[in-house]
Structures are given as structure tokens and as C-alpha cells.
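Side chains are part of it too, since the values below use all heavy atoms of this structure and drop only hydrogens, waters and symmetry mates.
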Amino acid sequence: MFSSLAEPSLPGRGAARLAAAALASALAVAGVMTGAAPAAAQDGARGQGGATATIGGLKTHGTAVIHGEDGDQQVPAGLFEMSVEGGGMLQTYCVDIQNPTQKDAKYQETPWSGTSLGTNKDAGRVRWILANSYPQVNDLAALAKKAGVRGGLTEEEAAAGTQVAIWRYSDDTDVEAVDPQAERLADYLEKNARGLLEPAPSLALDPPAVSGHPGERIGPVTVHTNAGGATVTPPVDATTNGAIRIVDKKGEPVARVTDGAQIFFDVPEDAEAGTAELSVQASTTVPVGRAFASESRSQTQILAGSSESTVAATATATWAAEGAIPALSAQKNCAEGTLDITALNNGDEPFTFELLDTEYTIAPGETRTVPVPLPEDRPYDFTIRGPAGFEQRFTGVLDCRTQSAALADTTHPLSEPAPTPPVTAPTHNPDLAETGSSDATPLIGGTAIGLVVIGGAVLLFVRRRNES
């Protein structure tokens with residue numbers, strides 16, 4: 001069964017509008033930033049944790065009509081299903097009407113701040129609609145009565161009406177359901193929606209990266225989860241440099257944790273400089289309203305229902321006897337159009353690196369967030385290197401705007417084929433007819449294809465400078 005959501009009473013939070021990034025245009029010309037070598041740890045954004053799922057397609061839906069300057073365009077509207085890695089099923093609606101859904105795309109549970117919801121002042125209203133409509137309200141007779149829909153609602157009508165109401169707030173789009181019953185439901189939901197807070201993650205570790213000296217407990221890493229308990233798996237190479245243990249604040253070994261627990265890496269005093277990763281896994285229902293984003297630029301989804309599902313998160317530790325001891329993690333910041341890299345240094349020497357022609361020095365004991373301006377919808381891939389072979393690779397795509405916001409003056413009719421995606425996007429699949437807004441919709445970034453030809457690829461090396 002899919003979970004229900006008790007309606008919170010807290011007001012929604014506003015979100016800042018997307019700010020222009022100083023170097024975004026330069027990176028857009030480049031198209032891709034590529035690291036020089038494989039990294040010891042990959043993509044600090046993984047520390048977000050939560051559910052990872054594969055989209056299976058549009059399952060329960062009706063039809064909607066988008067009214068635009070180029071005329072009326074029909075699109076399917078309704079519920080998707082996703083299969084969770086490790087077990088479980090999710091139901092989602094999309095919050096990016098003009099962007100296509102890539103077949104079998106992988107999705108990761110993501111904070112609103114890393115999606116278009118992070119810059120949408122009405123994101124909380126979308127969550128209210130989810131909490132007060134199908135499938136959270138599965139008594140369709142009661143839902144129809146509350147919405148003033150005579151004759152009742154079918155599942156298809158309820159799904160279509162709910163999706164249409166969501167699109168009106170998520171995409172600021174003039175859209176209506178074709179079926180009159182679904183349209184009445186959409187109008188009711190739109191009129192009554194009010195702001196709710198973003199739900200907490202199903203599982204996250206904070207911070208996702210720590211550092212310190214061998215012979216001490218490195219951390220703490222705090223567990224945040226709605227699960228009753230979670231299993232801790234120590235580093236797979238825990239015996240490489242001696243018996244690396246995962247312990248609590250008293251130094252006792254930890255195999256299972258609950259919400260709020262603090263855990264540490266216990267590294268032997270004679271361990272050589274290195275890095276290790278732990279994982280935490282749980283089975284729980286993912287909170288309704290959590291966003292799901294894909295690195296393949298498949299349209300962003302928002303959770304409408306969850307079965308008991310597997311969720312996971314990882315954290316890394318770096319240690320050395322002397323010198324700089326960096327730890328890096330990253331999170332997408334759609335309000336600023338940046339990838340925010342958090343760097344901490346628990347060593348006894350400064351950690352210095354160069355990023356986009358700017359040199360940063362993290363003093364011993366200091367933690368600093370470095371915002372990296374990135375272009376919309378373009379893949380990034382770069383590596384920061386440090387002492388003793390330390391490497392941290394960051395890869396992904398910054399997908400912060402809906403199609404209407406990104407290409408307001410250059411959108412294509414939905415009946416036209418989508419432009420070929422630039423650089424590394426997945427091959428377009430002509431068989432995806434039931435994919436939210438139809439796979440005949442345009443991909444964000446199509447206007448940047450010419451810039452790729454002009455600029456080609458940029459190789460960005462972020463290196464640790466040797467100190468004399």
C-alpha cells in the first residue's frame with residue numbers, strides 16, 4: 001500500500017528567484033567540464049541520500065490541453081510509477097510540463113533547492129495538492145463531493161485533474177484537463193491550495209564528508225531519517241589500513257542507528273593516509289512531496305505516494321597524520337544557479353586549490369562553501385585534488401528551470417520533434433508516448449547547440465598547489 005500524509009499546519013516557505021551566475025555564459029559555450037583523472041570519491045552530491053528509483057512510465061492518466069501562443073497542445077496528464085533500487089514502488093507527478101521523460105531514467109530523491117521547486121514561491125502549494133488529492137485521498141467519492149464534482153471521479157480523471165492543478169503552480173502554465181470532471185477537480189485544488197513546508201528527507205547523513213587524524217574518532221556524522229531504524233555498513237576496505245570501525249560517541253561499535261544518532265569513523269593510529277566510505281540503509285515510506293531529479297535531464301518528478309521502500313545514504317572520511325586533511329561535499333543550489341561545494345580542513349596545514357581561475361585556501365579547522373556557477377542543463381564533470389592522493393569528482397547536470405522559464409521565447413509546439421540533446425544527453429526515444437508531457441516536447445538547452453560547436457569542450461583541472 002502507498003502511504004498517506006497527515007496535513008502539516010505550518011506555512012510554506014518562499015524561495016528566491018534564480019540569480020544569474022557570473023561565469024554561466026562562459027561555461028555554456030564550453031558545454032562540458034571534464035576532470036583529468038578518475039577520482040577516489042565521486043560526486044559529493046551523493047551524500048544527499050534517500051531513495052534511488054527508475055521511472056517506469058505513465059500508468060494512470062487522462063489528457064490535458066496547454067494553451068499557448070502557438071495554439072493548443074494536447075498532452076497526457078497523470079501518475080507515473082517508479083521502481084526503487086533495493087525494493088519498493090513510488091507514484092509521482094511531474095513538475096516540468098514541457099520537458100520530456102527519458103525511458104528508464106534513474107532518479108534520486110533530491111531537496112527542493114536542487115530543482116525548479118527551489119525557486120518557485122508556490123512549491124508549498126504543490127505539496128498541499130498532493131496531500132489533499134489522489135492517490136493520498138483514495139476515496140474518490142469523498143474527493144468528488146468535496147470538490148463539487150457531480151457524478152463522481154474515476155482514477156484517470158482524479159489523476160489528470162491533480163496533475164493539471166500541480167502544473168498550474170509548478171510551471172505557471174495555462175493548462176486545463178480535457179475531461180470536465182477532471183477540470184472541476186483541478187479548479188478546486190488550485191483555488192484551495194495553500195503553502196506547506198518541504199518534507200524532510202527519508203534518509204540523509206550530515207555532513208556527508210568528514211576528515212581528521214588517524215588514532216581519533218573522525219566525525220560526527222548525524223543520521224536524519226523517518227525510518228524506525230537503519231543499518232550501518234562499514235567501509236568495504238576496512239581492513240586495508242587496519243580495522244576501521246564505525247562507532248558512537250562513546251567509541252562503541254554501531255551496526256544500527258535511529259534518527260538523530262551520531263556516528264564516527266574510528267581509524268587506527270598507525271593507518272596510512274587514506275579515505276573510506278560508510279553506508280546507511282533503511283526501509284521506510286518516502287515522505288509525500290519529496291522531489292526526484294534525474295541526471296539525464298528527464299523531467300523532474302514530485303512524490304505522490306510510496307510503498308515501503310529501500311533508502312540509503314553514504315558518508316566519507318579522509319585522514320592523514322599531518323598536513324592538510326580536506327573533506328568535500330556538494331549540493332545543487334537552484335536559487336543561485338550554482339553547485340555549492342563545502343570544503344572543510346581538519347589538518348594542521350592550509351588546503352589550497354584553484355577553481356575557475358580563483359584560488360581558495362581553507363585554513364586548518366575551517367569550513368567554507370564555494371559556489372561554482374554553472375550553466376542550465378549542461379553536464380559538468382570536474383575533479384578537486386589534494387594531498388596523499390586525495391581526489392573528489394563532481395558530476396551531474398544543473399536542471400533548475402522549467403521549459404517555459406528557460407526558453408520562454410523559443411518553445412516548440414508539442415507536435416514537433418524535440419531537438420537532438422547536446423553533448424551527453426540520452427538518445428531520444430520515439431516510442432515514449434505516455435511520458436508526462438509527451439516525448440515530442442523540446443529539450444531544454446536546444447538553443448545552445450551552436451555554442452557547443454563554437455566552444456567545444458573545456459578541460460577543467462582543479463589541483464592542489466604544492467607549497468614551498
Side-chain angles (χ1 to χ4, degrees), residues 1-6 42-43 45-61 78-94 101-111 114-115 130-131 134-136 138 155 159 199-206 208 221 223-236 246 254-261 263 277-296 298-316 426 434-436:
M1 297 215 24
F2 288 88
S3 67
S4 295
L5 174 70
Q42 182 161 327
D43 195 359
R46 291 173 58 209
Q48 293 172 356
T52 300
T54 300
I55 198 160
L58 196 61
K59 298 300 183 183
T60 306
H61 66 92
L79 271 173
F80 290 85
E81 284 190 2
M82 292 189 184
S83 57
V84 179
E85 188 176 299
M89 294 295 296
L90 307 176
Q91 293 176 311
T92 62
Y93 290 104
C94 92
T101 301
Q102 304 295 337
K103 184 175 177 59
D104 296 327
K106 292 281 188 181
Y107 280 78
Q108 176 66 47
E109 184 180 340
T110 304
T115 73
L130 293 166
Y134 181 76
Q136 287 300 299
N138 55 22
E155 290 184 345
S202 60
L203 177 63
L205 300 179
D206 181 32
V221 175
V223 179
H224 300 285
T225 182
N226 67 340
T231 302
V232 179
T233 302
V236 293
I246 306 304
V254 172
R256 191 165 177 80
V257 292
T258 57
D259 181 50
I263 54 180
E277 180 181 87
L278 67 81
S279 64
V280 176
Q281 183 172 298
S283 182
T284 187
T285 54
V286 182
V288 169
R290 291 295 290 170
F292 279 77
S294 173
E295 298 296 357
S296 65
S298 188
Q299 63 186 189
T300 303
Q301 305 283 311
I302 191 164
L303 189 70
S306 168
S307 70
E308 191 79 6
S309 299
T310 299
V311 296
T314 60
T316 60
E434 297 181 357
T435 51

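Remark: T300 pairs with no residue by the side-chain hydrogen bond (donor to acceptor under 3.5 Å, both in side chains) rule, at least two apart or across chains.
Using modelled atom types, one side-chain atom of Q136 and one backbone atom of A304 make a donor-acceptor pair closer than 3.5 Å.
The line from CD of Q91 to OG1 of T60 is 7.0 Å long, rounded to the nearest 0.5 Å. Considering OG1 of T284 and CG of N226, their distance stands at 3.5 Å, rounded to 0.5 Å. Rounding to the nearest 0.5 Å gives a distance of 9.0 Å between CD of E109 and OG of S306. To the nearest 0.5 angstrom, I55 atom CD1 is 10.5 Å from K103 atom NZ.
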*Yes or no on side-chain contact (heavy atoms from CB on, under 4.5 Å) for V280 and V221, after CA distance, side-chain angles and deciding distance?*
CA-CA 11 Å; V280 176; V221 175; over 6 Å; no
_Run the side-chain contact (heavy atoms from CB on, under 4.5 Å) test on T310 and Q281 for me, step by step, so that the C-alpha distance in whole Å, both residues' side-chain angles and the decisive distance to 0.1 Å come before the verdict._
CA-CA 7 Å; T310 299; Q281 183 172 298; 3.7 Å; yes
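With a 4.5 Å cut-off on side-chain heavy atoms, T92 and Y107 do not count as touching. Using a 4.5 Å cut-off on side-chain heavy atoms (C-beta onward), V223 and L203 make contact. With contacts defined as side-chain heavy-atom distances shorter than 4.5 Å, the pair I302/R290 does not qualify. Side-chain contact check for K59 versus L79: every heavy-atom pair is 4.5 Å or farther apart.
Considering every non-hydrogen atom in both Y93 and A159, the closest pair reads CE2-O, 3.4 Å. Residue G88 comes nearest to S309 through the heavy atom pair CA-OG, 3.5 Å, listed as atom of the first residue, atom of the second, then distance. Shortest non-hydrogen contact noted between V286 and A51 is CG2-CB, 4.0 Å. Minimum interatomic distance between T225 and S202 (heavy atoms only, all atoms of both residues): OG1-O, 2.7 Å. Scanning all heavy atoms of the two residues, the minimum distance from C94 to F80 falls at CB-CE1, 4.1 Å. In terms of heavy atoms, V84 sits closest to M89 at CG2-N, 4.0 Å.
Across V311, T54, T52, a single residue satisfies side chain to side chain contact (heavy atoms under 4.5 Å, CB included) together with E85, and that is T52. With L278 as reference, L205 is the one residue of T233, L205, T316, T314 to meet the side chain to side chain contact (heavy atoms under 4.5 Å, CB included) rule.
S294 and S296 share a donor-acceptor pair across their side chains, judged by distance under 3.5 Å alone. With hydrogens and angles left out, the side-chain atoms of S283 and E308 include a donor and acceptor closer than 3.5 Å.
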